[in-house]
Amino acid sequence: MEPKMKVGVVGAGTMGAGIAQVAAQAGHEVLLFDARQDAAGAAIRNLSATLEKLVAKGKMDHARAEEALGRISTCAALSGMKDCGLVVEAIVEDLEVKKRVFAELDRCLAADAILASNTSSLAITAIAAACSRPERVIGLHFFNPAPLMPLVEVVPGMVTANGLAAHCAGLVQAWGKVPVTCKDTPGFIVNRVARPFYGESIRIFEEGIAGMAQIDHALKTTGGFRMGPFELMDLIGNDVNFAVTNSVWRAFFHDPRYTPSLTQQRQVESGRLGRKTGHGYYDYGTASAPQEVQLDEQLAQHITERVLAMLINEAVDALFLRVASAEDIDLAMTKGVNYPKGLLAWADERGAAHWLGVLEHLQAEYGEDRYRPSPLLRGTAKVGGRFR
Ligand code: NAI
């Protein structure tokens with residue numbers, strides 16, 4: 001059997017360490033590099049401790065853990081990755097810094113090596129522009145924590161070679177992941193389609209329709225979401241979530257559908273970032289029992305329907321603009337952010353006309369472009385069609 005290609009991972013932070021683990025567990029020799037001294041070594045020591053715990057809990061075979069760990073080593077410079085068939089970059093989210101790293105990798109690696117970026121918000125096309133072989137550059141967007149979350153968004157840039165996306169999808173599938181392919185557009189699938197889950201929930205709170213705990217309760221009970229939006233923003237970190245919202249909004253030339261909220265901006269300015277600071281939308285310092293939430297069933301349904309209509313509209317618009325196939329849009333939301341159902345399949349349950357009605361009502365009431373229905377939602381409602 002042909003030996004598996006070597007995989008390089010640049011950046012040994014949260015994502016790089018996780019991606020290195022995934023590739024090593026799939027049987028690849030992995031080289032890990034970080035600009036910060038000893039960061040790569042520290043990542044391997046952390047991984048060793050994590051795997052030891054899994055073995056102790058009986059969740060992993062001792063020999064398999066040792067083998068995976070034995071496949072990862074550090075390298076002192078990017079030139080050490082010259083034999084890698086694939087390098088995944090997971091460094092700081094800064095276009096100029098990423099371009100410098102890609103230009104250097106482009107010089108060091110073989111002509112047919114694949115250069116992948118784990119960027120969440122930068123254009124793959126812009127990163128590729130730093131390379132003499134931009135056709136070998138692609139986005140491979142993992143979700144946090146990479147060893148546990150199944151989704152990988154595979155993002156060919158404008159000049160990525162035909163067939164490279166399918167090749168990479170096959171590769172990550174062999175790593176036990178679920179690949180979806182999407183266009184190089186802001187937020188890819190998940191970070192674009194998920195925006196209203198947070199934005200519309202905050203808006204409902206701002207209007208005084210319900211409190212945060214009530215909105216969370218509504219979406220968990222009548223919506224079936226595993227976590228409510230406010231709990232989830234506290235888990236992600238309000239600084240991180242606000243930065244993603246801002247970046248998607250700017251990247252769409254300030255489209256009102258993505259306008260960030262003042263409530264979240266104040267939250268960030270106050271330093272109440274969520275679980276990591278002990279306070280966010282909720283307090284995490286006290287050991288007191290969570291308060292029981294009182295919420296009228298009608299109101300819970302209204303909240304869920306409003307947020308869901310906005311989410312469905314985003315998913316339909318992503319389909320309209322050919323960001324990804326209907327199947328991949330639904331897979332992305334169930335495998336990347338644990339939605340209980342794919343949004344397009346969900347839309348079909350009550351039909352496009354129902355969701356169009358909800359949005360048209362909101363748009364008439366508020367007169368805001370924020371609620372404008374996607375042309376595909378209108379068209380599908382008109383002919384009584386389905387998305388899936
Ligand atoms: P992190 O801050 O945990 O790790 C980044 C690492 O890159 C640090 O160890 C840093 O020393 C290193 N680094 C910075 N500049 C470097 C350079 N020029 N050369 C080599 N190493 C360098 O960041 P995290 O969260 O792992 O994010 C990395 C990338 O993954 C970003 O592009 C981010 O947008 C993306 N991403 C992050 C997710 C998350 O939930 N944290 C999810 C999916 C993607």
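Order of appearance sets the numbers: ligands from 1, and atoms from 1 within every ligand. What you see is a predicted model, and the numbers here were worked out from it, not measured in a lab.
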Cluster membership besides Y258, Ile/Leu/Val/Met/Phe/Trp/Tyr side chains within less than 4.5 angstrom, sorted by chain and number, is V244, V248, W249, F252

List, for ligand 1, each N/O atom that has a protein N/O partner under 3.5 Å away, with both atom names and the distance.
unit_1, atom_1, unit_2, atom_2, d
ligand 1, 3 (O), T14, N, 3.0
ligand 1, 3 (O), T14, OG1, 3.2
ligand 1, 9 (O), D34, OD2, 2.6
ligand 1, 9 (O), R36, NH2, 2.8
ligand 1, 11 (O), D34, OD1, 2.7
ligand 1, 11 (O), R36, NE, 3.1
ligand 1, 21 (N), A35, N, 3.1
ligand 1, 26 (O), T14, N, 3.3
ligand 1, 26 (O), M15, N, 2.8
ligand 1, 30 (O), N118, ND2, 3.0
ligand 1, 32 (O), I91, O, 3.3
ligand 1, 32 (O), E93, OE1, 2.5
ligand 1, 32 (O), K98, NZ, 2.8
ligand 1, 34 (O), E93, OE1, 3.1
ligand 1, 34 (O), E93, OE2, 3.4
ligand 1, 34 (O), S120, OG, 3.2
ligand 1, 36 (N), S120, OG, 3.3
ligand 1, 40 (O), N144, ND2, 3.4

Considering residues, nucleotides and ligands other than E327, do more than 12 of their heavy atoms fall under 6.0 Å from its CD?
no

Do other residues, nucleotides or ligands put more than 12 heavy atoms under 6.0 Å from K335 NZ?
no

Whether the side chain of D369 engages the backbone of P256 through a donor-acceptor N/O pair (distance < 3.5 Å, no angle test) should be reported.
no

Does F225 have its ring centroid less than 6.0 Å away from the ring centroid of Y339?
yes

Please confirm whether H279 and Y281 have ring centers closer than 6.0 angstrom.
no

